[in-house]
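Below: the structure, in C-alpha cells.
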Amino acid sequence: MNTRFEYADKQKMQEILPVLFDILHSNMSIIAPTGNTYENDMEQWLSNVLPAMQKEVRQIVLMYADDKLVGYFQYYVNSGALMMEEIQIASEYQGSGLFGLFYRWLVKVLPKDIKYVEAYSNKKNHKSQAILEHLGLSKVGENKNGNSFYYKGDYVILLNRYN
C-alpha cells in the first residue's frame, strides 16, 4: 500500500468535505446513528465544519492509500495543546497500518512546542476511546451535552510512540 498525507486546500473545502462526510457517515452511522437522513446529517455537519475551517489554526490532513482518499484528520494547535477533533479512516483501511503511518508523519510536521493532547470521543465509540487511551490520553471529563468523553494527555507520550 502506497500512502501519502497532505493538508487539504482550504480554497477547495466545498469539493473535499462531501467526500470526507461519506467516510465519517459510513463509520459513525453504525456507532452512533442520529436518526436523521444522510442529507440532513451532511447539511448539519457542513454547517459546522465549513465555518470552522475558516480559522487559520484549524487543519484537515487528507490520507491517501494507493492514490485513493481513504481518511482524514481534523485538528488545531492552540496555546501548546493539540486538539484532535476528528480522525476517520474508511473501514476497509482500518487495521491496515495506515493509522500508525499517519501518526509517524504527523509528529514530524506539528510544531515542536506542543505540551498536551486533547480529544473528545462519543460515549458509544468504544474503539475511539481505546485508541485515545493507547495514545496516552486519559478520560478527564465530558462535553457540555454529555454525549462525549473529554480526554487529555501529555504530548511527549504520543511523540515518543511515533517519532
Side-chain angles (χ1 to χ4, degrees), residues 1-13 15-28 30-32 45 48-49 52-141 143 148-163:
M1 172 175 68
N2 292 320
T3 59
R4 81 176 195 283
F5 310 104
E6 61 186 48
Y7 285 97
D9 182 341
K10 289 189 176 189
Q11 304 305 313
K12 296 180 180 176
M13 282 292 134
E15 302 157 36
I16 295 167
L17 289 178
V19 179
L20 302 186
F21 181 77
D22 282 344
I23 296 168
L24 170 71
H25 188 267
S26 68
N27 289 337
M28 292 305 293
I30 297 163
I31 297 166
W45 185 75
N48 290 311
V49 174
M53 289 310 300
Q54 301 308 309
K55 296 180 178 154
E56 189 176 330
V57 296
R58 186 163 277 118
Q59 297 293 331
I60 292 180
V61 178
L62 306 175
M63 301 178 193
Y64 291 89
D66 299 324
D67 292 323
K68 179 183 175 191
L69 179 58
V70 299
Y72 68 96
F73 178 69
Q74 182 178 324
Y75 76 95
Y76 63 89
V77 176
N78 187 26
S79 301
L82 166 64
M83 173 54 84
M84 301 188 298
E85 294 184 296
E86 189 78 57
I87 185 164
Q88 294 291 333
I89 297 174
S91 60
E92 61 269 28
Y93 289 89
Q94 294 174 13
S96 69
L98 183 65
F99 183 88
L101 292 169
F102 167 70
Y103 270 94
R104 279 190 271 293
W105 175 86
L106 183 67
V107 298
K108 289 180 175 79
V109 299
L110 287 174
K112 303 300 178 212
D113 62 346
I114 297 173
K115 302 282 184 240
Y116 301 102
V117 184
E118 301 172 300
Y120 289 92
S121 177
N122 186 291
K123 288 182 176 180
K124 296 177 183 174
N125 194 341
H126 303 291
K127 186 174 184 178
S128 171
Q129 294 164 32
I131 290 168
L132 292 173
E133 290 168 9
H134 172 77
L135 294 175
L137 282 72
S138 299
K139 189 185 315 176
V140 296
N143 67 343
S148 294
F149 291 120
Y150 169 63
Y151 284 80
K152 187 171 183 177
D154 291 326
Y155 178 67
V156 70
I157 296 169
L158 184 79
L159 183 64
N160 289 340
R161 177 163 285 144
Y162 292 104
N163 200 4

Heavy-atom side-chain proximity of [X] to [Y] below 4.5 angstrom:
X	Y	value
Gln94	Phe99	no
Glu86	Val49	no
Met84	Tyr151	no
Asp66	Lys68	no
Asp9	Glu15	no

Minimal non-hydrogen separation, [X] against [Y], with atom names:
X	Y	value
Leu20	Tyr72	O-CE2, 3.5 Å
Met13	Lys10	CG-O, 3.5 Å
Asn27	Ser91	OD1-N, 3.9 Å
Leu137	Gly153	CG-N, 3.8 Å
Ile23	Gly71	CD1-N, 3.7 Å

In Å, rounded to the nearest 0.5 Å, how long is the span from [atom1] of [X] to [atom2] of [Y]?
X	Y	atom1	atom2	result
Ile31	Asn125	CD1	CG	4.0 Å
Lys123	Ser148	NZ	OG	8.0 Å
Phe73	Ile60	CZ	CD1	11.0 Å
Ser26	Gln88	OG	CD	7.5 Å

Test item: [X] side-chain N/O and [Y] main-chain N/O as donor-acceptor pair under 3.5 Å:
X	Y	result
Asp154	Val156	no
Gln59	Glu56	yes
Asn2	Asp67	no

Take the angle between the ring planes of Phe21 and His25 and call it parallel below 30°, perpendicular above 60°, tilted in between.
->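 Answer is tilted, since the angle falls between 30° and 60°.
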
Just checking, any donor-acceptor pair under 3.5 angstrom between side chains of Glu85 and Gln74?
->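 Indeed, the side chains of Glu85 and Gln74 share at least one donor-acceptor pair under 3.5 Å.
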
Would you tell me whether Tyr150 and Glu118 have side-chain atoms, one donor and one acceptor, within less than 3.5 Å of each other?
->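 Yes, a side-chain donor-acceptor pair sits under 3.5 Å.
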
Listed pairs under 3.5 Å, donor-acceptor, residues 101-117 side chains, sequence neighbours left out:
{"residue": "Lys108", "atom": "NZ", "partner": "Arg104", "partner atom": "O", "Å": "3.4"}

Does the side chain to side chain contact (heavy atoms under 4.5 Å, CB included) test come out yes or no for Phe149 and Leu132, once each step is laid out?
-> CA-CA 11 Å; Phe149 291 120; Leu132 292 173; over 6 Å; no

Under the side chain to side chain contact (heavy atoms under 4.5 Å, CB included) rule, collect the residues that match up with Ala32, sequence neighbours excluded.
->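 So Ala32 forms a side chain to side chain contact (heavy atoms under 4.5 Å, CB included) with Met28, Asn122, Lys124.
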
Quick one: list whatever passes side chain to side chain contact (heavy atoms under 4.5 Å, CB included) with Ser96, sequence neighbours left out.
->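 In terms of side chain to side chain contact (heavy atoms under 4.5 Å, CB included), with neighbours along the sequence ignored, Ser96 is linked to Met1, Tyr93, Leu98.
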
Test side chain to side chain contact (heavy atoms under 4.5 Å, CB included) applied to Met63 and Ile87, step by step | CA-CA 10 Å; Met63 301 178 193; Ile87 185 164; 3.7 Å; yes

